[in-house]
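Everything numeric in this text was worked out from a predicted model, so none of it was measured. First listed ligand is number 1; within each ligand, the first listed atom is number 1.
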Amino acid sequence: MERLPIITLDGPAGVGKSTLARRLSALLGIPCLNTGAMFRTLALRLGPDAAALPAEELRARCDAFAFALEGSGEDTRLVCNGEPVGAEIATEEAGKMASRLAVSVPVRESLKAAQRRLGAASPLVTEGRDMGTAIFPQARFKFFVDADPDVRAQRRYAELREKGEDVSLDAIARDIRERDDNDRNRSAAPLRAADDAVLVDTSRRTVEEAVAFILAEIERKGGLPAALSHIREDGGVRMVDVGGKATSERVAIVRCLVDINEETLAKLKEKALPKGDALATARVAGILAAKRTAELIPLCHPVRLTFADVRFSVRDVPPGVLVEAETRAADRTGVEMEALVAAQTAAAVIYDMCKAVQRDITIRDARLVYKSGGRSGVFDRRSE
Ligand code: DC
């Protein structure tokens with residue numbers, strides 16, 4: 001019997017499982033478990049010779065690593081023996097070592113017990129290769145994520161290049177094939193879709209589309225049990241289904257004020273603050289924040305922004321900065337949350353850039369001044 005809700009995402013490398021798992025866990029308010037990270041951690045800590053150890057000794061060595069999850073959503077951290085698992089596991093090399101170690105039965109048995117302990121302690125979005133088949137066969141919400149191997153190679157290539165790794169597309173494509181072979185053809189818990197898993201093909205779906213598809217599927221199967229989900233404890237909090245609404249051009253503008261004193265204002269204008277150019281930094285932060293709104297506001301839909309900007313008017317009397325954020329999208333839902341998050345993040349960055357020279361800075365009057373699109377018509381308070 002399934003006790004706590006478990007959402008399983010299985011699939012090969014490079015299909016976007018981790019991104020989907022993190023987004024889902026943020027939206028649903030439950031922790032996310034990346035089981036590949038557990039294999040990678042063991043592979044790095046045990047070293048390349050571990051697979052040759054006698055089974056009992058290898059099992060005992062694996063069991064000596066205690067895994068735990070801290071936090072939730074995007075901020076879930078995997079902890080091993082009290083230390084957070086970090087970027088050291090995110091290399092291609094660590095992935096290959098993990099794939100080789102993952103054929104070992106004692107390693108899989110040890111991690112199976114650890115993964116089930118985590119699933120018994122908390123609801124989970126869990127991703128890996130055998131979550132729906134071997135680890136949580138009783139889970140109600142099972143998904144198999146797949147994508148065209150060429151698309152996967154391209155994505156992996158772009159990701160690694162962005163991280164500064166010197167890789168070739170051909171080598172990545174070869175590695176993906178090799179890893180697929182390893183993962184699909186091993187005898188211990190090979191990668192395959194559970195019979196009752198729903199296929200999610202991400203070749204031609206954006207992350208937002210794949211997330212929406214999975215959420216709709218969860219809903220179709222009755223949703224998360226009300227008493228166990230953080231966001232539905234009172235039964236009254238749920239994401240509005242905007243699937244039936246018409247797409248239209250959406251625009252939102254939000255303003256807020258940052259009050260600073262004359263000396264701080266002079267330094268800000270001369271770009272003489274200790275941390276540097278406050279407004280340029282705040283502008284970039286506001287734009288970045290607009291793009292991440294759906295990850296911060298629990299019931300906010302992910303929207304594909306077509307435009308985001310943050311502008312500033314520096315005022316001498318009273319001294320301060322008027323922050324104005326504008327967001328746009330062609331969507332079924334408004335973009336005022338994006339503008340609100342952008343303006344307030346930009347204001348917080350101005351605060352941060354100025355706080356070394358002034359302690360009594362005030363951020364105030366965050367408000368929507370313009371909104372258009374959707375059924376409610378135009379709202380315009382820009383001249384007030
Ligand atoms: O998802 P990943 O690339 O981080 O996983 C690294 C390797 O770990 C993968 O090639 C196979 C193995 N693995 C596994 O066998 N079973 C899992 N549940 C997760 C990962």
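- Atom 16 (N) of ligand 1 has its closest protein heavy atom at R108 NH2, 3.0 Å.
- With a heavy-atom cut-off of 4.0 Å, R129 touches ligand 1 through backbone and side chain alike.
- Shown here for S372 and V378, the closest heavy-atom pair between the two residues is CB-CG2, 4.0 Å.
- No heavy atom of K96 sits closer than 4.0 Å to any atom of ligand 1.
- Atom 19 (C) of ligand 1 has T35 OG1, 3.4 Å as its closest protein atom, hydrogens excluded (heavy atom only).
- Note that the CD atom of E338 and the CD1 atom of I297 stand 9.0 Å from one another [nearest 0.5 Å].
- Residue, atom and distance of the protein heavy atom nearest to atom 7 (C) of ligand 1 are A98 CB, 3.7 Å.
- Defined by atom type and a distance below 3.5 Å, a donor-acceptor pair is present between the side-chain atoms of R155 and T202.
- The shortest heavy-atom distance from E127 to ligand 1 is not under 4.0 Å.
- Under 4.0 Å from ligand 1, the heavy atoms of R186 that appear belong solely to its side chain.
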Test salt bridge (charged side-chain N to carboxylate O under 4.0 Å, His left out) on D10 and R192 and set out the steps.
CA-CA 8 Å; D10 287 307; R192 67 171 182 83; over 6 Å; no
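- Among D183, L191, I135, N34, the residue whose heavy atom lies closest to atom 11 (C) of ligand 1 is D183.
- With ligand atoms numbered from 1 in the order given, ligand 1 contributes 2 (P), 3 (O), 4 (O), 6 (C) to contacts under 4.0 Å with heavy atoms of R40.
- Those atoms of ligand 1 that come under 4.0 Å of a heavy atom in S99, given as number and element, are 7 (C), 10 (O).
- Closest heavy-atom contact between A153 and L169: O-CD1, 3.7 Å.
- Neither the backbone nor the side chain of M38 comes within 4.0 Å of ligand 1, counting heavy atoms alone.
- The environment of CZ in R45 is crowded: more than 12 heavy-atom neighbours from other residues, nucleotides or ligands sit within 6.0 Å.
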Are S18 and E127 close enough, and set up right, to give a side-chain hydrogen bond (donor to acceptor under 3.5 Å, both in side chains), and what steps lead you there?
CA-CA 7 Å; S18 305; E127 53 125 334; 2.8 Å; yes
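- Ligand-side atoms of ligand 1 in range of M131: 18 (N), range being under 4.0 angstrom from any heavy atom.
- With respect to atom 6 (C) of ligand 1, the closest heavy atom belonging to the protein is R179 NH1, 3.6 Å.
- Ranking the protein heavy atoms by distance from atom 8 (O) of ligand 1 puts F39 CB, 3.6 Å first.
- Annotation: cation-pi geometry satisfied between R205 and F213 (NZ/CZ under 6.0 angstrom from ring centroid, within 45° of ring axis).
- Among all non-hydrogen protein atoms, the one lying nearest atom 12 (C) of ligand 1 is A102 CB, 3.7 Å.
- Considering CZ of R186 and CG of D130, their distance stands at 6.5 Å, rounded to 0.5 Å.
- Partner of E336 under the salt bridge (charged side-chain N to carboxylate O under 4.0 Å, His left out) criterion, chosen from R255, R250, K371, R367: K371.
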